[in-house]
Asker: 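My questions will all concern the structure given below.
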Amino acid sequence: MRTWTEQMTPLRAFMSLALPLGLAGALAVPALAQDGLGQPYSGEARSDEHRERGSGRVEVQPYIEISQIILAEISPGDDVVTYTQLAAGVDAAVNGRNNGGSVSLRYARNIAYEDNAADSDILSGIARGYATIVPDTLTIEGGALASRTRLNGGGASLLTNDASSRVYTAYAGPNLRTEAGDVQIEGNYRVGYTRIEQEADIGLPGTVRQVDLFDESVVQTAAIRAATRPGEPLPVGVALGAGFTQEDISNFDQRVRDIYARADVTVPLSPTLALLGGIGYEDVEISGRTALLDDAGVPIIGNDGRVLVDTGARRRIAYDTDGLIWDVGVLWRPSTRTTLEAHLGRRYDSTTYYGSFAWAPDTRSNLSVSVYDTVTGFGGQLNRALAALPTNFAANRNPLTGDITGCVAGQDGSSCLSGAFGSIRAATFRNRGVAASYSRQIGRSTAGIGAGYDRRSFFGVPGTVLAAADGTVDENFYLTAFADRRLGPRSSVSLNAYAQWFESEGSAAGTIAGDGTILGASAAYRRSIRAGLSARAAVAIDRLDSDFAGQDLTTASALLGLRYDF
């Protein structure tokens with residue numbers, strides 16, 4: 001019996017495509033980075049924004065749905081399967097002075113008709129929020145995500161309806177913000193957990209699942225920073241800070257540890273322009289342990305199908321660098337609606353560059369660009385991306401399946417987890433890339449476009465199968481566009497399209513290298529029938545041309561259903 005996630009067999013062999021949605025600030029600069037004009041900021045800065053303009057409203061919108069879904073393989077085969085989907089969910093938001101957050105949670109039951117298809121259950125959701133413990137001083141923030149990802153033997157993932165594994169991640173921690181005279185003091189701590197649960201048969205060679213797919217990790221981050229603004233009391237702004245990050249990954253007991261201390265200076269050239277400079281020391285180390293062997297020297301496999309780790313073995317270094325770090329940059333803020341920050345320097349024993357650009361020419365349009373560079377594991381990156389989401393948002397879901405797409409729409413534009421899902425390999429990596437998005441509201445219509453490039457250079461632990469991944473590179477280019485329009489007081493329509501190109505060098509045993517291209521489009525229509533009750537219709541088509549799947553694949557799907565909002 002096949003579940004809904006197993007219907008299109010060639011797709012189960014496809015794993016090397018990242019989420020085909022625009023990344024808008026999913027990976028920010030490190031917490032407590034300097035804001036150039038003497039405005040130190042952290043993740044809490046966003047919460048302050050919401051507190052200032054919060055209305056204190058609490059909105060809760062539960063709903064139920066019933067839909068008929070058909071999935072058809074157009075080429076190279078002609079499989080057709082149908083399902084009835086029963087779903088219940090809730091969208092909620094709190095926007096107050098001292099508390100704020102958003103949550104979107106949905107459970108769906110897919111009931112199959114064909115003898116060769118099985119019923120399935122889907123739980124998906126995303127949440128982000130904060131609560132004030134001491135006004136204007138101490139807050140607690142947190143977030144969580146539950147979704148699905150499609151896999152194959154190449155090394156990456158795609159959040160979509162043809163999913164093979166479940167992804168769970170959550171984080172929580174306090175933020176401190178206070179003053180001592182002219183000195184602003186900020187600190188934060190976060191602990192996060194990420195886990196991927198694989199289904200019994202995900203179309204992968206056993207060796208790939210054992211060594212090359214991420215299992216679970218715990219990540220901890222802490223940072224503290226003290227800073228003064230330019231002119232208070234010195235002509236320039238001065239800051240001292242330190243931070244610590246550690247991610248413990250279950251695969252081969254890998255550990256990513258990053259410790260740094262640095263000093264920053266801000267030199268204002270005008271009321272809108274400042275030069276930035278920073279220097280410090282950083283120690284980054286990635287290590288792991290070898291497999292547990294039996295008497296014959298063969299790795300022992302656990303009940304979960306993964307290689308057991310020899311916890312008594314000495315740690316082996318996969319990556320190690322320490323020494324001087326520095327960067328110089330510029331901050332340009334001509335108005336409250338435009339900010340440009342760019343940095344160039346030395347980090348990770350090589351040249352580094354990162355920055356961001358945000359432009360909101362009016363209340364109806366927003367442009368954002370993000371350039372990032374970090375060393376991490378899959379869990380640490382996903383936690384970081386989740387923490388960068390706004391606390392006041394509306395989640396975007398697949399119009400046919402209801403799955404979380406990874407993007408949310410907030411008051412200041414859209415934000416996505418897209419880059420964080422570029423690869424779910426067990427090996428750690430250096431991640432560099434750029435992403436941009438633009439959205440605009442025109443009357444009853446809202447439209448947007450996003451594009452990005454994500455590059456991952458992997459580190460393999462010597463003496464383990466992951467050593468085969470050392471130095472390999474995955475590259476991902478993606479482009480997406482959407483448009484929503486209200487046709488009147490009772491109906492609306494939405495359109496989505498995406499394109500993506502992926503190239504992988506392969507890695508551990510059983511993985512393969514190659515290129516992949518995926519194209520797709522969908523359209524959805526909703527019409528209100530009476531108070532709370534609405535009808536829904538949606539269609540989609542997807543095209544896959546990939547070395548991983550072994551053949552080209554075109555699929556189509558359609559939905560017709562009812563929804564009741566309480």
Asker: Would you please say whether a donor-acceptor pair under 3.5 Å links the side chains of Thr311 and Asp253?
Answerer: no
Asker: Please give me the minimum heavy-atom distance between Ser457 and Arg432, naming the atom from each residue.
Answerer: OG-NH2, 4.2 Å
Asker: Can Ser124 and Ser147 be counted as having a side-chain donor-acceptor contact under 3.5 angstrom?
Answerer: no
Asker: Are any side-chain N or O atoms of Arg225 and backbone N or O atoms of Gly241, one a donor and one an acceptor, separated by less than 3.5 Å?
Answerer: no
Asker: Report yes or no: does Tyr319 contribute a side-chain atom to a donor-acceptor pair with the main-chain N or O of Val256 at less than 3.5 Å?
Answerer: no
Asker: Do the non-hydrogen side-chain atoms of Asp327 and Leu344 ever get within less than 4.5 Å of each other?
Answerer: no
Asker: Are Phe458 and Arg425 side-chain neighbours, meaning at least one heavy-atom pair lies under 4.5 Å?
Answerer: yes
Asker: How many angstroms lie between atom CG of Leu292 and atom CZ of Phe252, to the nearest 0.5 angstrom?
Answerer: 11.0 Å
Asker: Would you say that more than 12 heavy atoms from the other residues, nucleotides or ligands in this model lie under 6.0 Å from the OH of Tyr353, or not?
Answerer: no
Asker: Please tell me whether Asn383 and Thr169 have a donor and an acceptor in their side chains that are separated by less than 3.5 angstrom.
Answerer: yes
Asker: What distance do Leu466 atom CG and Arg316 atom CZ have between them, rounded to the nearest 0.5 Å?
Answerer: 12.5 Å
Asker: Kindly give the heavy-atom pair with the smallest separation between Tyr478 and Ala435, and that separation in Å.
Answerer: OH-CB, 3.9 Å
Asker: Does the side chain of Asn188 pick up a donor-acceptor pair with the side chain of Glu186 at under 3.5 Å?
Answerer: no
Asker: Do we see a donor-acceptor contact under 3.5 Å between the side chains of Arg315 and Ser287?
Answerer: yes
Asker: Are any of the side-chain nitrogens in Arg543 or Asp545 under 4.0 Å away from the carboxylate oxygens of its partner?
Answerer: no
Asker: Could you tell me whether the side chain of Asn175 reaches within less than 4.5 Å of the side chain of Leu138, counting heavy atoms only?
Answerer: no
Asker: Quick one: pull up OG1 in Thr517 and CD in Gln500 and give me the separation to the nearest 0.5 Å.
Answerer: 9.0 Å
Asker: Is any side-chain heavy atom of Leu276 closer than 4.5 Å to a side-chain heavy atom of His343?
Answerer: yes
Asker: Quick check against the 3.5 Å criterion: does Glu475 have a side-chain atom that pairs as donor or acceptor with the backbone of Tyr453?
Answerer: no
Asker: For the atom pair CG (Leu105) and CD1 (Ile126), what is the distance rounded to the nearest 0.5 Å?
Answerer: 11.5 Å
Asker: Please check if the side chain of Glu247 supplies one atom and the backbone of Gly380 the other of a donor-acceptor pair under 3.5 Å.
Answerer: yes
Asker: Restricting to non-hydrogen atoms, name the atom on Gly520 and the atom on Asp542 that form the minimum distance, rounded to 0.1 Å.
Answerer: CA-OD1, 3.9 Å
Asker: Would you say Ile286 and Ile317 make side-chain contact, with heavy atoms under 4.5 Å?
Answerer: no
Asker: What's the verdict on side-chain contact (heavy atoms from CB on, under 4.5 Å) for Thr339 and Trp332, showing C-alpha distance, side-chain angles and the deciding distance?
Answerer: CA-CA 6 Å; Thr339 300; Trp332 180 53; over 6 Å; no
Asker: Could you check if a side-chain atom of Leu382 sits within less than 4.5 angstrom of a side-chain atom of Val167, using non-hydrogen atoms only?
Answerer: yes
Asker: Do any N or O atoms from the side chain of Thr245 and from the backbone of Arg257 form a donor-acceptor pair under 3.5 angstrom?
Answerer: no
Asker: Quick one: does any side-chain atom of Arg128 pair with a main-chain N or O of Ala387 as donor and acceptor, under 3.5 Å?
Answerer: yes
Asker: In the structure I gave you, are the side-chain heavy atoms of Val191 and Tyr189 within less than 4.5 Å of one another anywhere?
Answerer: yes
Asker: Using the ring centroid of each side chain, check whether Tyr372 and Tyr354 are separated by less than 6.0 Å.
Answerer: no
Asker: Is a donor on one side and an acceptor on the other found under 3.5 Å between the side chain of Ser250 and the backbone of Glu216?
Answerer: yes
Asker: Tyr171 ring centre to Arg190 NZ or CZ under 6.0 Å, with the angle to the axis within 45°?
Answerer: yes
Asker: Measure across Val307 and Ile301 and return the closest heavy-atom pair with its distance rounded to 0.1 Å.
Answerer: CG2-CD1, 3.8 Å
Asker: Is Asn431 reaching over with its side chain to a backbone N or O of Thr376, donor-acceptor style, under 3.5 angstrom?
Answerer: no
Asker: So does Gly402 get a backbone contact from the side chain of Asn398, meaning a donor-acceptor N/O pair under 3.5 Å?
Answerer: no
Asker: Roughly how far, to the nearest 0.5 Å, is CG of Asp258 from CD of Glu285?
Answerer: 11.0 Å
Asker: CG of Leu544 to CG of Leu553: how many Å apart, nearest 0.5 Å?
Answerer: 5.5 Å
Asker: Which atom names give the shortest non-hydrogen contact between Ala451 and Leu479, and what distance separates them?
Answerer: CB-CD1, 3.9 Å
Asker: Indicate yes or no: at least one non-hydrogen side-chain atom of Tyr168 is less than 4.5 angstrom from one of Leu145.
Answerer: no
Asker: Do Thr428 and Gln254 pass the side-chain contact (heavy atoms from CB on, under 4.5 Å) test, and can you show the C-alpha distance, the side-chain angles, and the key distance before you say yes or no?
Answerer: CA-CA 8 Å; Thr428 56; Gln254 294 177 94; 3.9 Å; yes
Asker: Would you check, one step at a time, whether the test side-chain contact (heavy atoms from CB on, under 4.5 Å) holds for Tyr348 with Val284?
Answerer: CA-CA 8 Å; Tyr348 305 132; Val284 182; 4.1 Å; yes
Asker: Please evaluate residues Ser368 and Ser437 with respect to the criterion side-chain hydrogen bond (donor to acceptor under 3.5 Å, both in side chains), reporting the C-alpha separation (whole Å), side-chain torsions for both, the decisive distance (0.1 Å), and the verdict.
Answerer: CA-CA 6 Å; Ser368 63; Ser437 67; 3.1 Å; yes
Asker: Taking Gln381 for its side chain and Phe378 for its backbone only, find out whether a donor-acceptor pair lies under 3.5 Å.
Answerer: no
Asker: Out of Arg430, Arg456, Arg455, which one pairs with Asp373 under the salt bridge (Lys or Arg N to Asp or Glu O under 4.0 Å) rule?
Answerer: Arg430
Asker: Can you find a side-chain donor-acceptor pair between Asp322 and Tyr260 that sits under 3.5 Å?
Answerer: no
Asker: Using the side-chain hydrogen bond (donor to acceptor under 3.5 Å, both in side chains) rule, take Arg177 and Thr139 through it: C-alpha gap first, then chi angles, then the decisive distance, then the call.
Answerer: CA-CA 9 Å; Arg177 189 172 189 177; Thr139 62; over 6 Å; no
Asker: Give the minimum heavy-atom separation between Ala127 and Val103, together with the two atoms involved.
Answerer: CB-CG2, 3.8 Å
Asker: Take Phe357 and Leu367, measure what side-chain contact (heavy atoms from CB on, under 4.5 Å) needs, and give me the verdict at the end.
Answerer: CA-CA 8 Å; Phe357 175 67; Leu367 171 67; 3.8 Å; yes
